[in-house]
Amino acid sequence: MAQNRVPSRLIAGVRAINRHPRLVGAAKLVREQALGDDELIDRLSSTRGRGVDLAARGLAAARSDAPGMLGEIGLTALQAWQRLAEAQGRGRGEVEVAVLFTDLVGFSSWALQAGDDLAVSLLREVIEAIEPPIIERRGEVVKRLGDGVMAAFWDARSAIEAAFDVRERVATVEVGGHTPRLRTGIHLGRPRKIGGDYLGVDVNIAARLTEAAQPGEILVSGRALAALESGSVIATEQPFTAEGIPTGLTAHALQPA
C-alpha cells in the first residue's frame with residue numbers, strides 16, 4: 001500500500017507545481033515577450049495539417065482549459081519552431097491558397113447621401129451575408145476592408161462556391177431603399193503567410209481582379225478556373241490588365257453551370 005501512495009503523492013506534487021499561478025504566469029510572460037501571444041497559432045495555418053501546427057493548436061486549446069507551466073513551455077518550443085520554419089520559408093508561400101476579395105460598388109457615394117446610420121446598418125447586413133458562406137466552406141475571413149472583405153480558402157472550388165452563395169445573399173439586402181452591388185475577385189496562388197495576413201503578388205492579383213469586375217460579377221484568374229472540374233461553371237474570358245500584374249494572366253467571369 002505504501003508503495004502505491006508514493007507515486008500518487010509525487011504526481012499530485014508535480015501537478016501542483018505545474019499549475020502554480022506564479023510559475024504559470026512567469027512561463028507565459030517569458031513566452032509572450034520572446035515570441036508573442038498564441039494568436040499567431042491561427043486557425044487557418046493550423047488546418048493545413050502540418051504536424052507542428054496541429055500540435056501547437058491542440059496544445060493551445062488544451063492549456064486554455066487547464067493552464068500549466070509545462071504547457072506554456074511546450075507552447076514556447078512549438079512557437080519557436082513555427083517562427084524558424086517561417087523564416088526559412090517552410091510552410092509559408094509553399095501551399096496553394098485561393099484568395100477572395102469582395103467590394104461594394106459605389107458604396108462611398110451612396111453613404112455620403114444616406115448618412116452614417118444607414119451606412120453602418122448596410123455594412124452590418126452585408127457582413128452578415130458574406131461571412132457565413134465563407135466559414136461554412138472552411139474559409140477564413142482574413143480581414144474586413146471597410147466595405148469589403150479578404151478571405152482565404154484551401155481550394156478554388158470552395159472559394160468560388162462561397163462567392164456564388166455570397167452574391168445571392170447580398171442581393172437580398174436592402175437598407176433605406178438601396179440594394180448593394182457586390183463585385184468579387186478570386187485568384188489561386190501561393191501568397192506568403194505572415195501572422196494572420198497574406199502578402200505578395202498573388203494577393204495583388206485577387207485585389208486587381210476585384211477592381212476590374214463589373215457590379216454583380218465574379219472575376220477569377222485563369223489559374224483558379226483551371227483548378228475547377230470541367231463543366232462545373234460557365235466561364236467567359238474578359239480582357240484584364242493591371243499594373244504590377246504578371247503578363248499573360250487571363251480573367252474569367254463566372255456563372256453557375
Side-chain angles (χ1 to χ4, degrees), residues 44 97-111 114 118-189 191 198 202-240 242 249-257:
L44 195 59
V97 175
V99 180
L100 174 151
F101 280 93
T102 68
D103 176 59
L104 289 180
V105 180
F107 172 77
S108 297
S109 299
W110 173 82
L118 286 178
V120 170
S121 295
L122 180 70
L123 289 177
R124 184 182 297 115
E125 292 199 27
V126 168
I127 288 298
E128 290 176 356
I130 289 176
E131 293 192 354
I134 293 172
I135 295 170
E136 287 168 6
R137 292 167 178 82
R138 295 187 66 212
E140 181 185 23
V141 177
V142 178
K143 53 189 172 185
R144 296 179 180 177
L145 304 166
D147 59 348
V149 301
M150 172 186 174
F153 299 80
W154 297 132
D155 59 87
R157 181 178 61 83
S158 296
I160 291 167
E161 288 179 353
F164 287 148
D165 196 358
V166 164
R167 181 169 62 182
E168 291 183 5
R169 289 168 61 97
V170 171
T172 66
V173 174
E174 187 273 329
V175 173
H178 174 72
T179 298
R181 298 177 299 169
L182 191 73
R183 56 185 177 184
T184 305
I186 300 171
H187 175 61
L188 182 66
Y198 287 89
D202 290 314
V203 174
N204 294 336
I205 291 172
R208 297 295 178 265
L209 285 165
T210 307
E211 294 173 357
Q214 297 298 312
E217 191 171 61
I218 298 170
L219 203 60
V220 309
S221 66
R223 186 170 183 182
L225 179 62
L228 302 181
E229 294 181 4
S230 178
S232 60
V233 296
I234 299 172
T236 304
E237 187 170 346
Q238 304 282 11
F240 176 66
L249 187 74
T250 59
H252 307 262
L254 299 189
Q255 295 291 342

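None of these values were measured; they are calculated from a predicted model.
- Side-chain contact between Val97 and Phe153: absent, with no pair of heavy atoms (C-beta onward) separated by less than 4.5 Å.
- Here the straight-line distance linking atom CZ of Phe101 with atom CG of Leu219 works out to 14.0 Å at 0.5 Å rounding.
- Two residues are said to be in side-chain contact when any heavy atoms from C-beta on lie closer than 4.5 Å; Glu136 and Glu161 fail this criterion.
- A pairwise comparison of heavy atoms in Ile186 and Ala163 identifies CD1-CB, 3.9 Å as the closest pair.
- Annotation: the span from Ile134 atom CD1 to Met150 atom CE amounts to 11.0 Å, rounded to 0.5 Å.
- Atom CG in Leu249 sits 12.5 Å away from atom CZ in Arg208 (nearest 0.5 Å).
- What you find for Glu128 and Arg169 is that their closest heavy atoms are O-NH2, 2.9 Å.
- Across every non-hydrogen atom of Ala257 and Ser232, the tightest pair is CB-O, 3.4 Å.
- Distance check: His252 NE2 to Leu209 CG gives 9.5 Å after rounding to the nearest 0.5 Å.
- Scanning both residues, Arg167 and Gly216, for their nearest heavy atoms gives NH1-O, 2.9 Å.
- How far CG of Leu104 is from CG of Leu182: 6.0 Å, rounded to the nearest 0.5 Å.
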Query raised in the report: Given Gln238 and Gln214, is the side chain to side chain contact (heavy atoms under 4.5 Å, CB included) satisfied, shown in steps?
Result: CA-CA 11 Å; Gln238 304 282 11; Gln214 297 298 312; over 6 Å; no

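- Counting heavy atoms from C-beta on, the side chains of Leu254 and Leu225 come closer than 4.5 Å.
- Considering all non-hydrogen atoms of both residues, Ile234 and Pro256 come closest at CD1-O, 3.6 Å.
- With contacts defined as side-chain heavy-atom distances shorter than 4.5 Å, the pair Val99/Asp202 does not qualify.
- The CZ atom of Arg137 sits 7.5 Å away from atom OG of Ser158, with the distance rounded to the nearest 0.5 Å.
- For the side-chain hydrogen bond (donor to acceptor under 3.5 Å, both in side chains) test, no residue two or more places apart in sequence or in another chain qualifies with Thr210.
- Leu123 and Gly146 make their closest contact through CD2-O, 3.7 Å (heavy atoms, listed as atom of the first residue, atom of the second, distance).
- With sequence neighbours excluded, no residue forms a side-chain hydrogen bond (donor to acceptor under 3.5 Å, both in side chains) with Thr179.
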Report task. Output, in order, the C-alpha distance, side-chain angles, deciding distance and verdict of side chain to side chain contact (heavy atoms under 4.5 Å, CB included) for Val126 and Phe107. Result -> CA-CA 12 Å; Val126 168; Phe107 172 77; over 6 Å; no

